[in-house]
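Whatever order the structure lists them in is the order used to number ligands and atoms, beginning at 1.
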Amino acid sequence: MLKGKCLCGAVTYQYNAAIQQSILCFCTDCKKAQGAVFGWNSPIQQSEFQLLSGQSVLKEYFHTENKARVFCMQCGSPIYSYRTDLPSILRLRLGTVTSGRIPAPSELAYRESQPDFMCIDTEML
Ligand SMILES: [Zn+2]
Ligand SMILES: [Zn+2]
């Protein structure tokens, strides 16, 4: 089991299963959406994801037609994204996780956009 919350604490959630896989994504959309050097996320089952509080402050932004990026509109923390054609899978933003086990990334996406200064020990993956 996993728990998490946004920066201001309005949004809290738990995930009632284990995280199988985590991904670092260096694409330019993730960089902008996270304001960070990569997005760190994990595909999870929507059916096991339980929002404990904050429904009224969750906002969905569609940068592309079929992909919603869901964030806290009070503090801006990205919580998850999902595709409208695949609503049973959420992509959880792992920076919001406060307890529970997250496996080391098994995939690095869009590495061509990885900054030169950043060295990742792929032996660890
Ligand atoms: Zn918040
Ligand atoms: Zn990305």
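- Rounded to 10°, the angle that SG of Cys75 and SG of Cys6 form at the Zn ion (ligand 1) is 110°.
- Smallest separation of non-hydrogen atoms from Lys67 and Arg69: NZ-NH2, 3.6 Å.
- Within 6.0 Å of atom CZ in Phe49, more than 12 heavy atoms from other residues, nucleotides or ligands are found, so the atom counts as buried in its surroundings.
- Angle SG (Cys25) to the Zn ion (ligand 2) to SG (Cys30): 120°, rounded to 10°.
- Remark: at the Zn ion (ligand 1), atom SG from Cys8 and atom SG from Cys72 enclose 110°, rounded to the nearest 10 degrees.
- Exactly one residue among Asn16, Val97, Ile44 makes a side chain to side chain contact (heavy atoms under 4.5 Å, CB included) with Leu2. That residue is Val97.
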message = Show, in sequence, the C-alpha distance, side-chain angles and deciding distance for Tyr82 and Thr84, and conclude whether the side chain to side chain contact (heavy atoms under 4.5 Å, CB included) test is met.
response = CA-CA 6 Å; Tyr82 69 91; Thr84 53; 4.2 Å; yes
